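One structure is given below, encoded as structure tokens.
All values derive from a computational prediction rather than experimental measurement. Counting starts at 1 for both ligands and their atoms, following the listed order.
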Amino acid sequence: MEKQFNSEEVIKEFEALTKDAKRIHIETLKQILKENSEAEYLKNLNVDATTDLETYISRVPLVTHKDLEPYIQKIADGAPCPVLTGKPITTLSLSSGTAQGKRKFVPYTEKLTENTMQVFQTSFAYRNRVYPIAKNGKALNFLYSSKQFTTKGGLIAATATTNVYRSPEFKQTMKSIQTPACSPDEVIFGPDYHQSLYCHLLCGLIFHEEIQVISSSFAHSIVHSFRTFEQVWEELCNDLRTGILSSRITVPSIRTAMANILKPNPELADEIHKKCSGLIDWHGLIPEIFPNTKYIYGIMTGSMEPYLVKLRHYARDVPLQSGDYGSSEGWIGVNVDPMSPPETTSFAILPNIGYYEFIPVSNVDSAQNEPKTVGLTEVKIGEDYEVVLTNYAGFYRYRLGDLVRITGFYNSTPMFKFICRRNLMPTINIDKNTEKDLQLSVETAAKLLTNEKLELIDFTSHIDLVSEPGHYVIFWEVSGEPSDELVKECCNCLDISFVDAGYVSSRKACTIGPLELRVLSRGTFQKMLDHSVQQGSVLNQYKTPRCVGVANQNVLQILCSNVVKSYVSTAYG
Ligand code: AMP
């Protein structure tokens, strides 16, 4: 018989794990080493199931993805022996690699599916206490599948989310927590995300009264979906009225699956049409059209924060629930505080899914020896660290490249806030701006757009090191056409809003040139997304790269060839 999901049981389990975090954490490392002791990587380092923690740390070096590439390549080429894990790896994930503009292959194992379910169920249990989902509820999940590649050695590679959605465990878990997707699998796994998105929206309308949760992996994709809704709502109403799917849907499997649920329903079409026509600037779109939505769920922290303004505009009073924290390499933290708004969301570390270490931020860039790490229960509240991961999927002391700030402890496991990805913005002189500084500066300057009733659709940057001296270039896509005056004002505001002392002094000494603001034509970020999907990314896992380097030539080309207006800052004279 199917096991019923029991929130209180899951919470009890989490309480027990976090009360005994230190011991469980060390046990987890032992178990990881035991399961993987046959792996070539560990054998080369003279590490096996009997290795104690101290010896593990002294023998295993801290590594980045680059260090693991030869091993991952060997796996992709079909190595017959265990390379990184005890059991052979049969699937790879393609992680976003947005910072470097280069996609990364990482191992995917069944253990990651298991961890994903534990993370989903834990955060769901806490959410469900506050916002219980009614029986027979449905979710409007904007889920997509990426292209699948086959490596030279015959392994399947797709994005991590695609690997998760394809697993039977995922479907089972969503069913058990009463939020099965309203869209058929053919829509989720369709080959063209534009068509899938249209059908997700149509399914959402068909089941609009049953929809309890609206979600996607990242907030960007939820906002993107409703921006699309603004464009296609009349066509959707027409499909509802006639029961005939728009001719824009050409994939036969999607057409067949949709035919089973789309029936002529003129009353519903009229109702939706009336509601949409009555909305002012689409404010409150979500509660108007999906009146039983309990909350909107997806990762809303970090590089997703800039989409919150628009998401709140659509959501009105529907609560936003920020998702958990992880990466294609593995999960790290769970959001167990559903009452906290995304801006203050902290994550609690699950001590039984990996072994975590932390590099104090002052040591992160240490050029000399290996930076020292501190253990899970030794971190200090208020301090910043880079996360280091050891898990069942073949990562041993792996530097994730993300910076986090410890905000407290949940029982004895640390809670942290995501700050930013490390080294996203290259240094020109002695400036030390991060992705977060860029976000704050853009947030401040974008407020000026409201003077002309405009909004910022999305943004990115490029550090121009070719010109002398080098300077920051910020790209903006705006909802309309800003006046020259306004662009000037925003550009100067951006320049002075970077408050890092190194930047300010370099600007004053002219060792960093004036910041440049380039306004892009409408649809440029859509072109970037399309390009990324073409390269194997997927809409629900997509993160707009916040700094595009020269290594990412194709994207830089898209940006540079779509500039409609630009201005050079005069803020520093
Ligand atoms: P990917 O490379 O596609 O697997 O994305 C993983 C990266 O997404 C992480 O290393 C983080 O930089 C970011 N990320 C994942 N979860 C969160 C979160 N909850 N908040 C902020 N950023 C996140």
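Checked for salt-bridge contact, Arg227 and Glu455 meet the test: a charged N lies under 4.0 Å from a carboxylate O. A salt bridge is defined here as a Lys NZ or Arg NE, NH1 or NH2 lying under 4.0 Å from an Asp or Glu carboxylate O, and Lys436 with Glu305 meets this definition. Ion pair Lys111/Glu114 flagged as a salt bridge, since at least one NZ, NE, NH1 or NH2 atom sits closer than 4.0 Å to an Asp/Glu carboxylate oxygen.
For ligand 1, the atoms closer than 4.0 angstrom to any heavy atom of Ser328 are 1 (P), 3 (O), 4 (O). Numbered from 1 in the order shown, with element, the atoms of ligand 1 that lie under 4.0 Å from a heavy atom of Asp402 read 9 (C), 10 (O), 11 (C), 12 (O). Below 4.0 Å from some heavy atom of Arg421 lie the following atoms of ligand 1, by number and element: 12 (O). When each atom of ligand 1 is checked for a heavy atom of Phe347 under 4.0 Å away, the hits are 19 (N).
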> Does the pair Ser216 and Ser221 meet the rule for a side chain to side chain donor-acceptor pair (under 3.5 Å), with working shown?
Replying inline: CA-CA 6 Å; Ser216 192; Ser221 129; 2.6 Å; yes

> Between Tyr503 and Asp437, is a side chain to side chain donor-acceptor pair (under 3.5 Å) present by the stated rule, with each step listed?
Replying inline: CA-CA 11 Å; Tyr503 182 78; Asp437 297 310; over 6 Å; no

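A donor-acceptor pair shorter than 3.5 Å cannot be found between the side chains of Glu35 and Tyr392. Neither side chain, Asp185 nor Tyr165, offers a donor N or O lying under 3.5 Å from an acceptor on the other. Using a 3.5 Å distance cut-off with no hydrogens or angles, the side chains of Ser215 and Asn141 do pair a donor with an acceptor.
Proximity of Thr345 to ligand 1, defined as any heavy-atom pair under 4.0 Å, is not found for any part of the residue. Residue Phe418 touches ligand 1 through its side chain alone, judged by heavy-atom distances below 4.0 Å. Of all the heavy atoms of Thr301, the ones lying under 4.0 Å from any atom of ligand 1 are found in both the backbone and the side chain.
For the pair Asp324 and ligand 1, a heavy-atom separation below 4.0 Å is found. At least one heavy atom of Gly326 sits less than 4.0 Å from an atom of ligand 1. Ligand 1 lies less than 4.0 angstrom from a heavy atom belonging to Lys543.
Taking distance alone, with nitrogen or oxygen atoms compared against 3.5 Å, Glu329 stays at or beyond that limit from ligand 1. For ligand 1, the polar-atom distance check against Ser327 finds no nitrogen or oxygen pair separated by under 3.5 Å.
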